[in-house]
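None of these values were measured; they are calculated from a predicted model. Every chain is numbered from 1 and lettered A, B, ... according to where its sequence line falls, protein lines coming before strand lines.
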There are 2 protein chains.
Amino acid sequence: MSPSKTPSSTPDENETSVEGGRRRATINDIARLAGVSKKTVSRVINQSPFVRDETRERIEAVIAEWGYAPDPQARGLAFRRSFLIGMIYDNPNPQYVVNMQLGLLDGMRGSGFELVVHPCNRSSPTFLTDIRAFVERQKLYGVVLPPSVSEDERVAKLLNEIGCAYIRIASVELDKPEHMIVGHDRMGGAQAARHIVELGHKRIAFISGPESFRSSHERRGGFEDALAEAGLALAPEDIVQGAYTFESGVACGDLLLSRTPRPTAIFCGNDEMAAGVLQSARKAGLSVPQDLTVVGFDDFQIAQAVWPPLTTIHTPTREIGRIAVEKLIGGERREPRDVTKMEPNLVIRESSGPVPA
Amino acid sequence: MSPSKTPSSTPDENETSVEGGRRRATINDIARLAGVSKKTVSRVINQSPFVRDETRERIEAVIAEWGYAPDPQARGLAFRRSFLIGMIYDNPNPQYVVNMQLGLLDGMRGSGFELVVHPCNRSSPTFLTDIRAFVERQKLYGVVLPPSVSEDERVAKLLNEIGCAYIRIASVELDKPEHMIVGHDRMGGAQAARHIVELGHKRIAFISGPESFRSSHERRGGFEDALAEAGLALAPEDIVQGAYTFESGVACGDLLLSRTPRPTAIFCGNDEMAAGVLQSARKAGLSVPQDLTVVGFDDFQIAQAVWPPLTTIHTPTREIGRIAVEKLIGGERREPRDVTKMEPNLVIRESSGPVPA
DNA sequence: GGCAGGATGGAAACCGGTGTCAATCATCTC
DNA sequence: GAGATGATTGACACCGGTTTCCATCCTGCC
């Protein structure tokens, strides 16, 4: 059940290194060397104001000389809290996951925190139990929730109960500002709509992401609103539901392109599905963008790896991650502010063009 | 520098939960409830044989009833080692990174260990210092090194010095068996070659990954060896160097397809570059596989998201990750064995076909 | 029945930090 | 110059486990 054995592979003994012999310094060592009590060293480490400058400098010198860094486990034990940030997610897109991780790491660089990843399955019967065990056992300092876990009120409630700080990254405001970062998918949808309208398209279709993702609704909502501003509207049959996957994009594309008359522009809930539509169009003998305009969402790697490269909505995922962690660990050094909003923006590539003659 | 503030956002106080009041049980609670000393409870947790069955059962019952789990920090402090596994990597491919993470998590599910991710940059001046600080501060239980960090002897040496267990995942045997998992890229290269030869191709080209990746050399080596068995050889100009990226695939494709006579088959060091070649072929007005056969390597998501879907070499990344962690934490319950080898295998899709008439 | 020796259980120290609270020190006030 | 006041500092317990060392309890054996 729990870790119980000593590690199997012990390192070479034959290769004694110069450094190897020097034991890691402890707070007691530093205290002795600086001629103070360990409590005072602790004060310096924790930036307590109640230390005379002269004393502080002396201790800091010793710390620097010995390259001392406090043991996070011991510190955590005393603090009743670890210095680990959890990322709990179920987003299936590798590009999103990696970008988010990089963003989180950006935000905690040099802070002494570490990132522990925890993929999960929202439909598992042990979903909440697993999260609870994870957070409580590791005494996580805080948790970042990207979509769609972020949209699960059970998770937010659980974390509130446990008393674990968290940040939800979502399309809309779901919680108190200090717990949220809003990605503003709605605005992205609107940007896509305006681009397509400007190109002169009238017969426009939309491939939605799964119902279970809030972003699906927001992207669609923003798209429809902006269309309405231009005096256009999506008929119900112009909206088909995909699953944010490549395959679903192909299927939805097949469906839409078999219609008569067929749409001249398709806005897809994400790039994966847009790539699927490109493939569907190819099968149908259509050229993009001459016969069909395709617009994606996310601007992940795949957007540039397909042909033609996708016009899409860029979402600053990594940046969002960075800011999320900063909110989590930065604490009171930032003044309270509104919900943090990160705006997407349109990237025009080659998959969109004027309406065919 | 180091975490020093209390968390900024405190959870709601107004929503008192039923569960919230019940303090987490400690080893002392369990000992008291079971009527034994905490040392005996500790023995049960650590599976010591020196506990009478009756006593053990009683203690286990109390543990189960209270859902007790020992505090990893306290335990780690006493063990002088944490229960964290580090993944130190510099592989730029999100699909690889995510698959590897999932594999590692598969292998540690239910073990009480957690995964801490640590991307790095091999050419950074603080590369080794960073790793050392990470491993030593967190007192990592073990580290998994995927390519190309796995191929860096400085890292292996450092970890040996520190005395941290590690597993290297690489194309070839670089270390003692217990420290290695070999991906056998050479075999994959050979499989690609045999497939291409069977289709009747003679004018064959190869796009290599970057020099700095061992897998580049192995994939190429296996490919050339199997070609040689069929009496074929790659001329130096048929080998061009890419960078494992989509863009480099486009560039290398442009170069190769502008030749006269041009190759009828191109084997690419990975799927990304193969996708790039597909795009290059499209620009050149060539149909795949009618005019050109393209074979990739890895079988990541992109292989199925492009058109036509790529014939490629599937590498069991997730499985490799699982086994790596099991070696790391499974320890002495596994008998010493040879270097673990994970074999790739050919997946035939639609990007390969018989040589054009 | 007495004794050697293995099986069990417990007290106390320790891992490396932090919280509490009292003691010490330097000024300041009158 | 004495007491007051607030800034500094340190002694000691504690976080939740493990290890060391020793006491006790059974056994089997003679």
Side-chain angles (χ1 to χ4, degrees), chain A residues 1-6 23-60 62-63 66-83 112 136-139 141, chain B residues 1-7 23-59 62-63 66-83 112 136-139 141:
Chain A
M1 263 314 265
S2 59
S4 53
K5 304 302 180 57
T6 48
R23 198 177 96 268
R24 245 184 93 182
T26 72
I27 196 173
N28 289 306
D29 299 330
I30 303 300
R32 189 162 16 82
L33 290 163
V36 297
S37 77
K38 62 180 193 173
K39 178 62 200 176
T40 302
V41 177
S42 170
R43 286 203 181 87
V44 171
I45 294 170
N46 293 288
Q47 308 180 46
S48 158
F50 305 115
V51 179
R52 204 186 317 158
D53 287 347
E54 177 207 318
T55 311
R56 177 192 313 282
E57 282 159 20
R58 183 155 36 97
I59 294 175
E60 282 175 343
V62 177
I63 288 179
W66 287 75
Y68 166 76
D71 181 328
Q73 287 188 325
R75 219 146 90 93
L77 186 58
F79 272 138
R80 290 172 189 71
R81 159 168 290 143
S82 74
F83 298 105
E136 283 194 330
R137 273 215 243 299
Q138 301 301 324
K139 298 201 296 257
Y141 190 93
Chain B
M1 266 308 270
S2 60
S4 53
K5 303 302 177 61
T6 48
R23 198 177 94 270
R24 244 183 95 180
T26 72
I27 197 172
N28 290 305
D29 299 328
I30 303 300
R32 186 161 20 77
L33 290 162
V36 297
S37 78
K38 63 180 191 172
K39 174 60 200 172
T40 303
V41 178
S42 172
R43 285 203 182 89
V44 170
I45 294 170
N46 293 288
Q47 307 179 45
S48 157
F50 304 115
V51 179
R52 204 186 316 159
D53 286 348
E54 178 207 317
T55 311
R56 176 192 313 282
E57 283 159 21
R58 181 156 37 98
I59 295 174
V62 177
I63 288 179
W66 288 75
Y68 166 75
D71 182 327
Q73 286 186 328
R75 220 147 89 91
L77 187 57
F79 274 137
R80 292 171 188 71
R81 157 167 292 141
S82 75
F83 298 104
E136 284 193 331
R137 274 214 243 297
Q138 301 299 325
K139 298 199 297 256
Y141 189 93

Using whole Å, report how far CZ of R81(B) lies from P of dG16(C). 14 Å

Within the side chain of N46(A), is there an N or O that forms a donor-acceptor pair under 3.5 Å with the backbone of S48(A)? no

Could you tell me the separation between the CZ atom of R56(A) and the P atom of dT8(D), rounded to a whole number of Å? 9 Å

Any residue meeting side chain to side chain donor-acceptor pair (under 3.5 Å) with K38(B), in chain and number order, not counting sequence neighbours: none

What does the inter-axis angle of the helix from dG1(C)-dC30(D) to dC30(C)-dG1(D) come out as, five pairs per end, nearest 10 degrees? 50°

Is there a side-chain contact between D53(A) and E57(A), using heavy atoms and a 4.5 Å cut-off? yes

Value for CZ (F83(A)) from CD (Q73(B)), rounded to nearest 0.5 Å, stands at 8.0 Å

To the nearest Å, give me how far apart CG (L77(B)) and C1' (dC15(C)) are. 4 Å

Within the structure provided, determine whether W66(B) and D29(B) are in side-chain contact (heavy-atom separation under 4.5 Å). no

Tell me which nucleotide among dT8(C), dG17(D), dG10(C) gets nearest to the side chain of D71(B). dG17(D)

Separation of N28(B) atom CG from dC15(D) atom P, in whole Å? 9 Å

In whole angstroms, the gap separating P of dG17(C) from CD of Q138(B) amounts to 13 Å

Between the protein and nucleotides 18-25 of chain D, are there any N/O to N/O pairs under 3.5 Å, and if so, what are the atom names and distances?
residue, atom, partner, partner atom, Å
dT18(D), OP1, N46(B), ND2, 2.7
dT18(D), OP1, R75(B), NH1, 3.1
dT18(D), OP2, S42(B), OG, 2.4

Minimum side-chain heavy-atom gap R75(B)-I27(B) below 4.5 Å: no

Measure the CG-NZ distance between D71(B) and K139(A) for me, rounded to the nearest 0.5 Å. 3.0 Å

In the structure I gave you, are the side-chain heavy atoms of R58(B) and V44(B) within less than 4.5 Å of one another anywhere? no

Short side-chain N/O contact from T40(B) to OP1 or OP2 of dT8(C), under 4.0 Å: no

Send over the distance from Q73(B) CD to dT18(C) P, rounded to a whole Å. 13 Å

Nearest to side-chain heavy atoms of V51(A), which nucleotide of dG16(C), dG10(C), dT9(D): dT9(D)

For atom CD of E54(B) and atom C1' of dA7(C), their distance in whole Å: 14 Å

side-chain contact (heavy atoms from CB on, under 4.5 Å) for Y68(A) and I45(A)? Distances and angles first, verdict last. CA-CA 10 Å; Y68(A) 166 76; I45(A) 294 170; 3.6 Å; yes

Take atom CZ of F83(B) and atom P of dG17(D), then tell me their distance rounded to the nearest Å. 11 Å

